[in-house]
Amino acid sequence: MKNLYLDIDGVLLTKHGDMALHLVDFLNFATNNFDCYWLTTHCKGDAASAIFHLIGGVQPEAIPFLKKIKTTNWNLWKTEGINFSQNFLWLDDYAFDTEKNILEEHLALDKLIIVNLKSNPNQLLDIIKVI
């Protein structure tokens with residue numbers, strides 16, 4: 001099964017901390033079709049901190065799906081948390097040039113999906129349709 005790495009702010013929550021549109025449907029799809037991993041500043045080896053960050057801003061129906069998402073651990077660059085030996089996708093609202101360079105070194109830049117909920121509030125639904 002393909003790995004799916006998920007950021008929180010700007011991907012699952014808007015920049016203002018509101019739940020992204022179609023979040024529950026997206027999480028249902030993601031956790032049933034991918035091995036999902038947190039790749040966010042809110043989780044560096046501890047999934048509880050990611051869930052705690054989300055708990056007040058999401059519908060209760062989202063919580064069981066959030067609990068299925070596994071941890072990653074990284075220090076400086078999020079790409080440290082990616083297992084490049086397995087097929088993956090990474091959803092984030094921003095990647096640093098260094099992270100993009102690391103993806104390029106692994107021939108994996110096309111695995112990064114930049115999410116922009118401001119310009120496309122329905123992007124999570126759109127992602128379901130294309131991945």
With sequence neighbours left out, what residues match His22 under side-chain contact (heavy atoms from CB on, under 4.5 Å)? Asn122, Leu125
For Asp92 and Leu112 the tightest heavy-atom approach is CB-CD1, 4.3 Å
State, to 0.1 Å, how close Cys43 and Ser49 come at their nearest heavy-atom pair, and which atoms those are. CA-OG, 3.9 Å
If you take all heavy atoms of Phe65 and Val24, which pair is closest and at what distance? CE1-CG1, 4.0 Å
Can a side-chain donor-acceptor contact be found between Asn120 and Asp126 if the only test is distance below 3.5 angstrom? yes
Quick check: closest heavy atoms across Ile69 and Ala47, and the distance to 0.1 Å? O-CB, 4.2 Å
Provide the full list of ring pair (Phe, Tyr, Trp, His ring centres under 6.0 Å) pairs with a residue in residues 104-131, sequence neighbours left out, each pair given once. Phe84-His106
Would you say the side-chain atoms of Asp97 and Asn101 include a donor-acceptor pair closer than 3.5 Å? no
Just jot down the ring-ring contact (aromatic ring centres under 6.0 Å, His included) partners of Tyr37, sequence neighbours excluded, or say none. Tyr5
Between Lys70 and Asp35, does any side-chain N to carboxylate O distance fall below 4.0 Å? yes
Flag for Asn33-Lys2: side-chain donor and acceptor within less than 3.5 Å: no
Between His53 and Asp9, is any side-chain donor less than 3.5 angstrom from a side-chain acceptor? yes
If you round to the nearest 0.5 Å, how far is CG of Leu91 from CZ of Phe26? 5.0 Å
